[in-house]
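In what follows, a single structure is set out as structure tokens and then discussed.
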Amino acid sequence: MENSKVFHVFPNEPRPPYVDRAEGVYIYTKDGQKLLDITSGGNHYAVLGWAHPEVNKAMEIQIKKFGHMDYKLWSNENTEELADVLISRAEHGLDRVYFGGNAGSEACEVAMKMSYQVHHDTGKTKKIWFISREQSYHGSTADALALGERPNLEFFRQMLSPYRARIPMHHPLYLQRDGETIDDYARRSAKELEDKILEIGPDYVCGFVGETIMGGLVGDVPPAPNYWKYIRDVCNKYDIHLILDEVYCGTGTSGKIYCCDWDKVRPDFIFIGKTLAAGYGALSAVITSKEIEDVIKNGQGRLQHTTTFQAHSLGVAAALAVQKLIHNDELLQHVNELGEYMRKTLTDELGSHPFFRDLRGRGLRFSLEYQCENQHEFGNQLQKVMLEKHNILINAKWHRICFTPALILKKSEAELAMEKLVEQFISLSSSFR
Ligand code: PMP
């Protein structure tokens, strides 16, 4: 539209296409295209695809009853049930859910504030520093941004809190040294955290924040075995909260409801977002424990964080329907099996290709890393050709293709996407070195 008054993110570029409707894993555009989306909405949130009849129905029922009702003033049976569902398969044993907001970024800041308040209310008022890792992403609001390291957002750095510090990313492929075992590397990574804590002073450090698997930027890097155990030990030693970001890898996407349950670690806080209501609503939450709640009860008696639309009734109705579908053995088995099938296909077909570097991840959160000259351009072109020739949406940029399909992707759809991807990867590679 020539005279659009919408302020777009990329104002110099042509307007993105209009969507007519979306159903399952397909997007139908106004200009008549049917696209197979294996990114689940570009931003990996549409984990049940679109227009799921059960989720739509739950939202219709809710809107006929009432729209949003304030979280502080009213209770909502759906919210109670959603909390029960969210902890029903939690192997880590956390048992309280605070529905703090709508976005993942907000949930990150809610977890930071809860962590600060807990230390504050137990007399540790100097704990104001948070430590995170390079190459991570926790959101785009100011404090979430302060923790992350996203190249295009670095120019904001000077306006952000100075009480934030970063240690190197945890990435065995890149950072494990020659002669070092994977366990040595895991211990060294935890030592980097300890060194940073000692540098700042343990009395000043509040929490360590990390994505359970380093996700969207570096491309789905599961930690070394025992990495989170060693990090947990360091946090315990210095009375620092362990805060895990599962906005990207939570709610079943890794093949377990909580990605950290693969690592058998009990954090103090986990925050989740986009996959919680899967795009049917906007909802985020912090999962924590009764012990943390008790500190607030016995301290200031109120949690010092609220927002108008926290636990939005429609988002909660959507999330409850979404999470009931995800908290299901058969679906989780499908996630694990389909992920394994896709990774095996890619290894069989591309494992010996000169551009192939690595394939890693969990469940339906995994990445293929490639290496060639102009690799960013290689990714761009691969993405473009998949769309233009095959009507398939993939996410390829920098050095990797991130696979984040909806959990309901069928094997036949995955087969088609893999076949076309392998074909285009090989054919395009002849124009690159
Ligand atoms: N953490 C991680 C790991 C994410 O991937 C994202 C979103 N890409 C966020 C936090 C922030 O979520 P939101 O964009 O909903 O604020």
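One-based numbering along the sequence shown. The basis for the numbers below is simple: all heavy atoms, side chains too, and nothing from hydrogens, waters or symmetry mates. Ligands are counted one by one from 1 in listed order, and the atoms in each one are counted from 1 as well. This is a predicted model, so every value here is computed, not measured.
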Nearest protein heavy-atom contact for [atom]: which residue, which atom, what distance?
atom                    : value
atom 5 (O) of ligand 1  : Tyr248 CB, 3.6 Å
atom 8 (N) of ligand 1  : Lys274 NZ, 2.7 Å
atom 9 (C) of ligand 1  : Val247 CG1, 3.7 Å
atom 1 (N) of ligand 1  : Asp245 OD2, 2.7 Å
atom 15 (O) of ligand 1 : Gly104 N, 2.9 Å

Requested in this report: From the options Ser140, Ser105, Gly101, select the one whose nearest heavy atom is closest to atom 11 (C) of ligand 1.
Outcome: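 The nearest heavy atom belongs to Ser105.
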Go through the side-chain N and O atoms of [X] and [Y] and say whether any donor and acceptor fall under 3.5 Å apart.
X      : Y      : value
Tyr26  : Glu413 : yes
Asn76  : Tyr71  : no
Arg187 : Tyr230 : yes
Gln371 : Gln375 : no
His305 : Gln310 : no

Report task. Between Glu211 and ligand 1, find which residue part has any heavy-atom pair under 4.0 Å and reply side chain, backbone, both or neither. Result -> side chain
Report summary line: Checking heavy atoms under 4.0 Å, the part of His44 that sits near ligand 1 is neither
Query raised in the report: Name the one of Phe378, Phe355, Phe356 that satisfies ring-ring contact (aromatic ring centres under 6.0 Å, His included) with Tyr370?
Result: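 Per the ring-ring contact (aromatic ring centres under 6.0 Å, His included) rule, the option paired with Tyr370 is Phe378, out of Phe378, Phe355, Phe356.
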